[in-house]
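Here the structure is a predicted model, which means the values were calculated and not measured.
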Amino acid sequence: MAITNYSELKAEIIGWSHRSDQDLNIDNFIRLAEVEMYNHPQKSLRLREMELRTTLTMSTASRFLALPTGFEKMRSMRINVTDDYNELLSTTPEGLNRRDGTGQPLYFTVTSQLEFDILPDEAYEVELNYYGTPTGISAANTTNAVLTANPDIYLFGALYKLFLRVVDAEQAGTYQAMFYSAIRGANKAARAGRFGVLPTIEVDGPTP
C-alpha cells in the first residue's frame, strides 16, 4: 500500500507492528519520530525541500529579530546595503562583540532569536537562508514534503518509537537502524541532487 497521507501512515504502522493495542498512541509515535528526525545531533534530516529563504527587516529600536516559524539551522544571512547584499558573519552568543551606539551590523548570533552586534542605524533588509522544519503531519495537516518524498522515514521512525513503548528492544533496535538508514539515504540523495552528473574526461590517443 502506498503511503500518501496521515491516515494511510497510521494504518501501515499498525499493520507492520501487528500491535493493534497501540492504535491510540500512534499519533504520539509519529510526533516523537518527527522530533528525532529533525533534531538528532548526527542524523538530522536535511532535504532540499527544507532549505528555505526569507527576507526580514531589522528594527532601529532593537538589536534582536524574531526567527522565522519552523527555523532549525542557519545556512547564511546577507544584509542589503544600498541594493548590494553583504554577508553577515555568524558567531556564538558568547563570542558576539556587542558594540555601543548604532551602525551597520557585521555579526549575528542565534539563540531563541537573532541578535546583532550593534543597534541598526537603519531598517536594513536581511535575507536569511536556513533549514526549516516542515509542518508536522496530523489529522488536520495530512501530508508534508517529507511524507511525500520519503514515507519510509515516517514509517520506520514511528515503529521504532512504538517498540520502545512496548519494551521490545530487539524490534526497537531493528526499526531504529532502518529509520536512521532512511534518513542517511534521503540526505545523500539531497546532496547528490545539487550537482547532477559529474562531467567525464576523454583522452585522445594512448594513455600511460
Side-chain angles (χ1 to χ4, degrees), residues 3 5-6 8-10 12-13 16-17 22 24-54 56 64-77 88 90-96 108-115 127-169 171-194:
I3 302 175
N5 58 50
Y6 191 64
E8 291 173 356
L9 174 63
K10 292 179 69 172
E12 286 295 289
I13 292 167
W16 278 60
S17 67
Q22 292 297 313
L24 296 179
N25 295 320
I26 299 296
D27 292 345
N28 291 332
F29 300 144
I30 293 172
R31 178 58 187 145
L32 289 171
E34 286 181 326
V35 170
E36 184 157 346
M37 74 174 71
Y38 300 131
N39 295 290
H40 192 284
Q42 283 85 40
K43 302 177 179 66
S44 292
L45 187 62
R46 291 290 182 259
L47 300 182
R48 291 195 304 277
E49 291 84 355
M50 297 170 61
E51 298 176 20
L52 305 176
R53 177 181 299 169
T54 192
L56 303 175
F64 299 91
L65 198 58
L67 291 167
T69 301
F71 177 90
E72 277 291 329
K73 181 181 179 181
M74 187 70 74
R75 300 184 68 224
S76 65
M77 179 161 43
L88 284 167
S90 174
T91 186
T92 63
E94 298 78 13
L96 185 66
F108 74 93
T109 192
V110 180
T111 54
S112 59
Q113 55 192 331
L114 293 169
E115 182 181 357
E127 179 186 271
L128 277 64
N129 292 277
Y130 65 99
Y131 284 106
T133 303
T135 301
I137 60 172
S138 64
N141 184 64
T142 60
T143 192
N144 62 19
V146 178
L147 184 65
T148 298
N150 301 95
D152 54 335
I153 294 176
Y154 267 106
L155 176 62
F156 299 146
L159 287 166
Y160 161 42
K161 299 301 180 180
L162 183 153
F163 285 109
L164 281 180
R165 174 68 176 80
V166 300
V167 199
D168 186 332
Q171 289 282 61
T174 296
Y175 285 112
Q176 180 188 46
M178 295 170 73
F179 178 46
Y180 291 166
S181 177
I183 290 174
R184 287 194 299 271
N187 286 346
K188 182 178 180 180
R191 290 193 298 270
R194 294 179 185 277

Legend entry - Quiz item: cation-pi between K73 and Y131, 6.0 Å / 45°: no
To the nearest 0.5 Å, how far apart are [atom1] in [X] and [atom2] in [Y]?
X	Y	atom1	atom2	answer
I26	E12	CD1	CD	11.5 Å
R31	I137	CZ	CD1	11.0 Å
E51	R53	CD	CZ	10.0 Å
L147	I3	CG	CD1	7.0 Å
N25	I13	CG	CD1	11.5 Å
L128	L65	CG	CG	7.5 Å

Just checking, any donor-acceptor pair under 3.5 angstrom between side chains of [X] and [Y]?
X	Y	result
Y175	D168	no
Y154	N144	yes
T133	E72	yes

Expected output: side-chain [X] to main-chain [Y] donor-acceptor under 3.5 Å:
X	Y	answer
N5	E8	yes
S44	H40	yes
N150	D152	no
R46	N187	no

Can you name the closest pair of heavy atoms from [X] and [Y] and give their distance?
X	Y	value
G132	L52	CA-CD1, 3.9 Å
T109	T91	OG1-O, 2.8 Å
P68	T54	CG-CG2, 4.0 Å
A33	F179	O-CZ, 3.7 Å
A145	E49	CB-CB, 3.9 Å

Legend entry - Verdict with supporting geometry, Q22 and F29, side-chain contact (heavy atoms from CB on, under 4.5 Å): CA-CA 10 Å; Q22 292 297 313; F29 300 144; 3.6 Å; yes
Legend entry - Side-chain touch V146/L45, heavy atoms, less than 4.5 angstrom: yes
Inset, instruction - Using side-chain hydrogen bond (donor to acceptor under 3.5 Å, both in side chains) as the criterion, list what pairs up with S76, not counting sequence neighbours. - result: N129
Legend entry - side chain to side chain contact (heavy atoms under 4.5 Å, CB included) partners for L67, two or more places apart: F71, V110, L114
Using distance only, find each side-chain donor-acceptor pair of residues 156-166 under 3.5 Å and give its atom names and separation, not counting sequence neighbours.
from, atom 1, to, atom 2, distance (Å)
Y160, OH, Q176, NE2, 3.0
K161, NZ, E36, OE1, 2.5

Legend entry - Criterion side-chain contact (heavy atoms from CB on, under 4.5 Å) on Y38 and I183, from CA distance to verdict: CA-CA 10 Å; Y38 300 131; I183 290 174; over 6 Å; no
